[in-house]
2 protein chains.
Amino acid sequence: MDSKQNILIKFGDRVREIRKEKGLSQEELAHKADLHRTYIGMIERAEKNITLINIEKIANALEVNIKELLE
Amino acid sequence: MDSKQNILIKFGDRVREIRKEKGLSQEELAHKADLHRTYIGMIERAEKNITLINIEKIANALEVNIKELLE
DNA sequence: GCTTAAACAACAGACTATAATTAGCATTAT
DNA sequence: ATAATGCTAATTATAGTCTGTTGTTTAAGC
């Protein structure tokens, strides 16, 4: 993951936006999603090409539909 | 990817459904998406936990919005 | 205002697990 | 018979985990 892809930037921004709306820290979100603290940061910064299963985990932890993370 | 996850099954089914609607073979879709023929098969059979960038490639090749692959 | 502390996030590096690519052959349609 | 798909196996690339450190933001105290 060198040059950041547009879709990853959009996704990461959306995660951060909703996470803050819900008043969660990266660490709290990570715990709810059963993912690592630093990994959430990497996703928000578009440094990793997230897989579908983890997309779903984050959507569940944020209590939103997956589709809301992709618009 | 041993035990197939529900979301991957749903995604794979949806890809296959739309691919057939468009009258494409796996090989033709693979070519349009710049992915390998057998990989498309694996996705349709829910054998791989696809990443967001490849989700987008397939959506573009099928000429649908990503969200349509997730409903 | 200006500290200080604490919580939060960015970043680096090393490691492990697995996604992604590919070839070859078997099977199932049409 | 041909085209399309399934399946196996092996390799390469990278997603995902984790520890530790550095930087930034926030809010309290004086």
Side-chain angles (χ1 to χ4, degrees), chain A residues 1-70, chain B residues 1-70:
Chain A
M1 292 314 310
D2 34 354
S3 59
K4 299 180 184 180
Q5 302 260 158
N6 210 10
I7 180 116
L8 302 183
I9 294 174
K10 272 176 57 183
F11 182 83
D13 287 350
R14 198 84 183 90
V15 168
R16 174 163 293 173
E17 188 179 7
I18 298 176
R19 175 178 64 78
K20 294 204 165 177
E21 274 174 28
K22 307 267 175 175
L24 296 170
S25 67
Q26 290 180 348
E27 189 154 12
E28 288 168 331
L29 174 57
H31 183 258
K32 287 189 73 176
D34 195 28
L35 294 169
H36 201 270
R37 139 181 100 75
T38 61
Y39 181 63
I40 298 292
M42 289 173 171
I43 294 303
E44 290 186 353
R45 275 176 269 122
E47 292 174 3
K48 289 285 182 182
N49 182 15
I50 191 169
T51 57
L52 187 48
I53 287 177
N54 282 350
I55 291 173
E56 188 186 37
K57 280 188 182 178
I58 290 177
N60 288 342
L62 290 174
E63 299 171 27
V64 297
N65 192 291
I66 289 184
K67 294 195 288 186
E68 292 188 53
L69 293 180
L70 297 167
Chain B
M1 291 315 312
D2 35 354
S3 60
K4 297 181 185 180
Q5 302 260 158
N6 211 4
I7 181 134
L8 301 183
I9 294 173
K10 272 177 57 183
F11 181 83
D13 286 351
R14 198 84 182 91
V15 169
R16 175 163 291 170
E17 188 180 7
I18 299 174
R19 175 177 64 79
K20 293 204 166 175
E21 274 174 28
K22 307 266 175 175
L24 297 170
S25 69
Q26 289 181 349
E27 189 153 13
E28 287 167 330
L29 173 57
H31 184 258
K32 286 189 72 175
D34 196 27
L35 294 168
H36 201 271
R37 161 179 83 75
T38 62
Y39 180 65
I40 298 292
M42 289 172 171
I43 293 303
E44 289 186 354
R45 277 175 267 122
E47 291 173 5
K48 288 283 182 185
N49 181 16
I50 190 169
T51 57
L52 186 48
I53 287 177
N54 281 350
I55 291 173
E56 189 187 35
K57 279 188 184 176
I58 291 176
N60 288 342
L62 290 173
E63 298 171 28
V64 297
N65 192 291
I66 288 184
K67 295 196 287 185
E68 293 187 52
L69 294 180
L70 297 167

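On a predicted model such as this, the values are computed, not experimentally measured, just so you know. Lettering follows sequence order; numbering is per chain, from 1.
- Taken to the nearest 0.5 Å, the CD1 atom of Ile66(A) stands 12.5 Å off from the NZ atom of Lys57(A).
- No option in Ile58(A), Val64(A), Ile55(A) other than Ile58(A) meets the side chain to side chain contact (heavy atoms under 4.5 Å, CB included) test with Val15(A).
- A distance of 12.0 Å separates CD of Glu17(A) from NZ of Lys10(A), quoted to the nearest 0.5 Å.
- Atom CD in Glu47(A) sits roughly 13 Å away from atom C1' in dG13(C) (whole-Å rounding).
- Distance, Ile50(A) CD1 to dA19(C) C1': 14 Å, rounded to whole Å.
- Checking Gln26(B) against Met42(B), the closest nucleotide of DNA chain D that is more toward the 5' end is the one next to Gln26(B).
- Rounding to whole angstrom units, CG of residue Asn49(A) and P of dA20(C) are separated by 7 Å.
- Contact check for Asn49(A) versus Phe11(A): no side-chain heavy atoms found under the 4.5 Å cut-off.
- Proximity of Arg37(A) to the phosphate of dC11(C): no side-chain N or O atom is located under 4.0 Å from OP1 or OP2.
- When each of Glu44(B) and Thr38(A) is assigned the nucleotide of DNA chain D bearing its nearest heavy atom, the one mapping closer to the 5' terminus is Glu44(B).
- At the phosphate of dA15(D), neither OP1 nor OP2 sits under 4.0 Å from any side-chain N or O atom of Asn54(A).
- The side chain of Tyr39(B) places no N or O atom within less than 4.0 Å of a non-bridging phosphate oxygen (OP1 or OP2) of dT21(C).
- Side-chain atoms of Leu70(B) and Leu52(A), non-hydrogen and from C-beta on, do get closer than 4.5 Å to each other.
- In this structure, Leu35(A) places its CG atom 17 Å from P of dA17(C), rounding to the nearest Å.
- At whole-Å resolution of the value, CZ in Arg16(B) and P in dT28(C) are 15 Å apart.
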Without placing hydrogens or testing angles, list every side-chain donor-acceptor pair under 3.5 Å for residues 27-35 of chain B, not counting sequence neighbours.
from: Glu28(B); atom 1: OE1; to: Ser25(B); atom 2: N; distance (Å): 2.8
from: Glu28(B); atom 1: OE1; to: Ser25(B); atom 2: OG; distance (Å): 3.4
from: Lys32(B); atom 1: NZ; to: Ala61(B); atom 2: O; distance (Å): 3.2
from: Lys32(B); atom 1: NZ; to: Glu63(B); atom 2: OE2; distance (Å): 3.1

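- Atom pair Ile53(A):CD1 and dG16(D):C1' shows a separation of 12 Å (rounding to whole Å applied).
- Look at Arg19(A) and you'll find a side-chain N or O under 4.0 angstrom from OP1 or OP2 of dA9(C).
- The overall bend of the helix from dT16(C)-dA15(D) to dT30(C)-dA1(D), read as the angle between its terminal helix axes built from five base pairs each, is 40° when rounded to 10 degrees.
- In this structure, Lys48(B) atom NZ and dA19(C) atom P are separated by 6 Å, rounded to whole Å.
- Put simply, Arg45(A) has a side-chain N or O that comes within less than 4.0 Å of OP1 or OP2 on dA10(C).
- The CD-P distance, from Glu28(B) to dA3(D), rounds to 12 Å in whole Å.
- You'll find the side chain of Leu24(B) reaches within 4.5 Å of the side chain of Leu62(B), heavy atoms only.
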